[in-house]
A.B. asks: 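Before I ask anything, let me first share the structure, which is written out below as structure tokens.
Here the structure is a predicted model, which means the values were calculated and not measured. Along the sequence shown, residues are numbered consecutively beginning with 1.
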Amino acid sequence: MQYYESPKRKESAVRGLPALASAVGGLMLSALLCHSLTTALSGWSPTETARQCFHFPSGTVVPTNEDIGAFLLSAAFFGSDALYFDSGEENTGTEEPSPVIPSKNSGEEAPQTPIGEQNLPGHGTSYIYDYDRTKLKDGEFALLPYDLSGSPGYGEILLSNTTSYSPDIEAARSSEYPIPINLDEYSEEHPLILIIHTHGTESYSPEGAISATAADMQRSSDTTRNMIAVGSLMSELLNDAGIPTLHCDIMHDLESYTRSYDLAADTVQKYLTEYPSIKYVFDVHRDAIIRTNGDMLRPITTINGEIAAQIMLLVGTNEKGADHPEWETNFTVATKLQERLTQKYQRFARPINIRGASFNEQFTPGSLLIEIGSAANSLSEAKNAAKYLTYAIIDMIKDSSE
């Protein structure tokens with residue numbers, strides 16, 4: 001019996017061919033992608049990923065130790081505000097890091113000493129930047145004492161500028177202070193300062209530690225150990241000095257590290273709505289400065305015989321599109337404060353860092369991001385730094401009061 005296919009059946013079969021081909025093609029593509037992904041993962045290298053993700057200057061030897069690669073990646077994606085490479089760049093803005101010279105004892109690297117070792121800050125009779133690498137165990141990275149101040153002269157203001165802007169230091173220095181106030185008008189109900197922490201879980205190395213491992217993450221939700229402890233000290237000193245200050249102890253990165261700046265912005269605006277008297281918002285962080293060999297830099301100086309972490313003022317701008325047209329007012333405040341710091345304390349303040357993003361500084365004219373030490377510093381060094389920084393802030397504000 002001869003079979004005759006109806007035109008409709010034939011047409012339906014023809015229409016089904018593209019769908020069948022698409023399904024087969026999709027399965028083949030999925031299989032190919034799955035194979036490629038499996039192959040890629042089998043050969044994945046943290047060090048190679050670090051090499052691809054970050055800028056390493058020509059001539060820089062990037063270690064192949066996978067522990068170091070994993071350490072760099074974890075620091076970069078889970079808490080570093082800065083990565084410092086041996087002869088490269090620092091994300092917080094040092095375009096040309098200080099050259100290194102042999103330290104007087106160990107022959108290892110030490111910070112630049114252009115004015116002679118006899119003028120460097122010391123602790124008793126010791127040289128605070130000495131480091132003995134023979135004490136390092138296998139798999140450990142040095143917490144390397146370092147001077148990141150740039151060696152400013154008395155009252156000198158140095159910049160670390162990553163933007164295309166060229167702020168006029170001398171104009172800012174000679175201008176009138178941009179936030180004139182009458183301190184008598186401020187009170188607990190009408191505070192002048194808000195201290196917050198976008199990255200509140202940032203913490204420090206154990207007291208006396210000279211090394212760390214790739215497993216060590218200087219982060220903690222313990223508010224007696226992290227940035228909340230540092231902010232609490234600053235708030236206490238400010239209030240004791242008669243400058244009404246609020247301290248927000250929210251750890252915004254605890255909820256979401258990637259959204260921490262958005263969360264902090266919401267917090268700042270809520271405070272400003274409730275307390276419109278606030279003129280200064282200090283976002284207090286600690287840095288994370290890591291070299292390609294895994295060393296973590298520990299920026300320190302001595303003040304009144306105490307070892308203190310070095311600090312850095314960060315000024316955000318509108319270069320990357322933020323609504324922050326008055327950023328130079330914030331820069332002027334930073335300049336006035338930096339001048340005091342370099343007058344009062346030797347090699348305490350790192351150069352003012354100018355960045356393209358706003359870092360939520362657009363909400364008040366006195367908003368600044370402040371880095372107090374790094375992950376390699378101890379909490380006591382950070383608190384010493386916070387103390388002397390706050391003394392300078394108190395002087396600056398009181399001198400501006402009518």
A.B. asks: Checking Ser374 side chain against Ile289 main chain: does a donor-acceptor pair fall under 3.5 Å?
C.D. replies: no
A.B. asks: When the side chains of residues 229-239 are checked against the rest of the protein, which donor-acceptor pairs come out under 3.5 Å, sequence neighbours left out?
C.D. replies:
| residue | atom | partner | partner atom | Å |
| --- | --- | --- | --- | --- |
| Ser232 | OG | Ile228 | O | 2.8 |
| Ser232 | OG | His247 | ND1 | 3.4 |
| Ser235 | OG | Asn239 | ND2 | 3.4 |
| Asn239 | OD1 | Thr245 | N | 2.9 |
| Asn239 | ND2 | Ser235 | O | 3.0 |
| Asn239 | ND2 | Thr245 | O | 3.1 |

A.B. asks: Any chance you could measure His324, atom NE2, to Phe359, atom CZ, to the nearest 0.5 Å?
C.D. replies: 11.0 Å
A.B. asks: Verify whether one side chain among Asn226 and Ser220 offers a donor that lies under 3.5 Å from an acceptor in the other.
C.D. replies: no
A.B. asks: Any ion pair linking Arg133 and Asp295 (charged N to carboxylate O, less than 4.0 Å)?
C.D. replies: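 Looking at Arg133 together with Asp295, the answer is yes, because their closest N to O distance falls below 4.0 Å.
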A.B. asks: Report yes or no: do Ser367 and Glu361 form a side-chain donor-acceptor pair below 3.5 Å?
C.D. replies: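 Short answer, no.
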A.B. asks: Donor-acceptor pairs are to be reported for all side-chain atoms of residues 311-323 against protein atoms at under 3.5 Å, with residues two or more places apart or in another chain.
C.D. replies:
| residue | atom | partner | partner atom | Å |
| --- | --- | --- | --- | --- |
| Thr317 | OG1 | Glu319 | N | 3.2 |
| Thr317 | OG1 | Arg355 | O | 2.8 |
| Thr317 | OG1 | Gly356 | O | 3.3 |
| Asn318 | OD1 | Tyr165 | OH | 2.8 |
| Glu319 | OE2 | Ser164 | N | 2.8 |
| Glu319 | OE2 | Ser164 | OG | 2.6 |

A.B. asks: Quick one about Tyr388 and Glu306 (side-chain donor to acceptor, distance below 3.5 Å, no hydrogens or angles considered), yes or no?
C.D. replies: yes
A.B. asks: Can you name the side-chain contact (heavy atoms from CB on, under 4.5 Å) partners of Lys279, sequence neighbours left out?
C.D. replies: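 Lys279: side-chain contact (heavy atoms from CB on, under 4.5 Å) contacts with Ile179, Tyr186, Leu192.
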A.B. asks: Can you give me the closest heavy-atom contact between Ala308 and Ala385, atom names plus distance?
C.D. replies: CB-N, 4.0 Å
A.B. asks: If you define the side chain from C-beta out and look only at heavy atoms, does anything of Arg298 sit under 4.5 Å from Ile307?
C.D. replies: yes
A.B. asks: Quick one, Tyr204 and Glu381 - any side-chain contact, counting heavy atoms below 4.5 Å?
C.D. replies: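 No, side chains not in contact.
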A.B. asks: Less than 6.0 Å separating the ring centroids of Tyr129 and Tyr146?
C.D. replies: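 Aromatic pair excluded; centres sit 6.0 Å or further apart.
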A.B. asks: Closest approach of Gly373 and Ala309, non-hydrogen atoms and distance?
C.D. replies: CA-CB, 3.5 Å
A.B. asks: Tell me if a side-chain donor or acceptor on Arg286 pairs with a main-chain N or O of Gln218 at a distance below 3.5 Å.
C.D. replies: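 Indeed, once roles are kept as given, a pair shorter than 3.5 Å links the two residues.
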A.B. asks: Give a yes or no answer on whether the side chain of Asp253 reaches the backbone of Ser256 with a donor-acceptor pair at less than 3.5 Å.
C.D. replies: no
A.B. asks: Quick one: side chain to side chain donor-acceptor pair (under 3.5 Å) partners of Glu176, sequence neighbours excluded?
C.D. replies: none
A.B. asks: Taking Gln310 for its side chain and Arg347 for its backbone only, find out whether a donor-acceptor pair lies under 3.5 Å.
C.D. replies: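 Between the backbone of Arg347 and the side chain of Gln310 there is a qualifying donor-acceptor contact (under 3.5 Å).
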A.B. asks: With the side chain counted from C-beta on, respond yes when Ile397 and Ile193 share a heavy-atom pair under 4.5 Å apart, and no when they do not.
C.D. replies: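 When only atoms from C-beta onward are counted, Ile193 and Ile397 do touch, with a gap below 4.5 Å.
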A.B. asks: With the side chain counted from C-beta on, respond yes when Thr342 and Phe348 share a heavy-atom pair under 4.5 Å apart, and no when they do not.
C.D. replies: no
A.B. asks: Kindly say whether Arg259 contributes a backbone atom to a donor-acceptor pair with the side chain of Asp262 at under 3.5 angstrom?
C.D. replies: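 It does not hold such a pair.
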A.B. asks: Which residues satisfy the side chain to side chain donor-acceptor pair (under 3.5 Å) test with Asn384, sequence neighbours excluded?
C.D. replies: none
A.B. asks: Spell out, as yes or no, whether a donor-acceptor pair under 3.5 Å connects the side chain of Thr329 to the backbone of Gly366.
C.D. replies: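 Flag not set: sc Thr329 to bb Gly366 has no pair under 3.5 Å.
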A.B. asks: Under 3.5 Å, side chain of Thr302 to main-chain N/O of Gly305, donor-acceptor pair present?
C.D. replies: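 Flag not set: sc Thr302 to bb Gly305 has no pair under 3.5 Å.
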A.B. asks: Please assess Arg173 against Glu170 for the test salt bridge (charged side-chain N to carboxylate O under 4.0 Å, His left out), listing each intermediate value before the final yes or no.
C.D. replies: CA-CA 5 Å; Arg173 187 203 299 266; Glu170 292 309 314; 3.3 Å; yes
A.B. asks: If I compare all heavy atoms of Pro351 with all of Ser149, which pair ends up nearest, and what's the gap?
C.D. replies: CD-O, 3.5 Å
A.B. asks: Of Leu369, Leu194, Thr390, Ile393, which is the lone residue that meets side chain to side chain contact (heavy atoms under 4.5 Å, CB included) with Phe282?
C.D. replies: Ile393
A.B. asks: Using a 3.5 Å distance criterion without hydrogens, assess whether the side chain of Asn161 forms a donor-acceptor pair with backbone atoms of Asn353.
C.D. replies: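 Checking the backbone N and O of Asn353 against the side chain of Asn161, no donor-acceptor pair under 3.5 Å is found.
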A.B. asks: Do Tyr131 and Ile210 come within less than 4.5 Å of each other through their side chains, counting heavy atoms only?
C.D. replies: yes
A.B. asks: So how far is it from Ile243 CD1 to Ser401 OG, rounded to the nearest 0.5 Å?
C.D. replies: 9.0 Å
A.B. asks: Give a yes or no on whether a salt bridge exists between Glu339 and Lys336, defined as a side-chain N under 4.0 angstrom from a carboxylate O.
C.D. replies: no
A.B. asks: Any idea which heavy atoms bring Leu158 and Glu156 closest together, and the distance?
C.D. replies: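 Taking Leu158 first and Glu156 second, the nearest heavy atoms are CD2-OE2, 3.3 Å.
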A.B. asks: Whether Lys344 and Asp395 form a salt bridge (side-chain N of Lys/Arg under 4.0 Å from carboxylate O of Asp/Glu) is what I want to check.
C.D. replies: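 So Asp395 pairs with Lys344 through a salt bridge.
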A.B. asks: Does this structure show an ion pair linking Arg350 with Glu371, if we count only N-O contacts that are shorter than 4.0 Å?
C.D. replies: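 Not counted as a salt bridge, because no side-chain N and carboxylate O are separated by less than 4.0 Å.
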A.B. asks: Within the 3.5 Å criterion, strictly below it, is a donor on Ser380 or Glu207 matched to an acceptor on the partner's side chain?
C.D. replies: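 Glu207 and Ser380 do have a side-chain donor-acceptor pair below 3.5 Å.
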A.B. asks: Any donor-acceptor pair under 3.5 Å linking the side-chain atoms of His285 with those of Asp283?
C.D. replies: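 Indeed, the side chains of Asp283 and His285 share at least one donor-acceptor pair under 3.5 Å.
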A.B. asks: May I ask you to test the Thr332-Asn330 pair for a side-chain heavy-atom distance under 4.5 Å?
C.D. replies: no
A.B. asks: Do any pairs count as a side chain to side chain donor-acceptor pair (under 3.5 Å) and have a residue in residues 263-277, sequence neighbours left out, and if so which ones?
C.D. replies: His252-Thr267
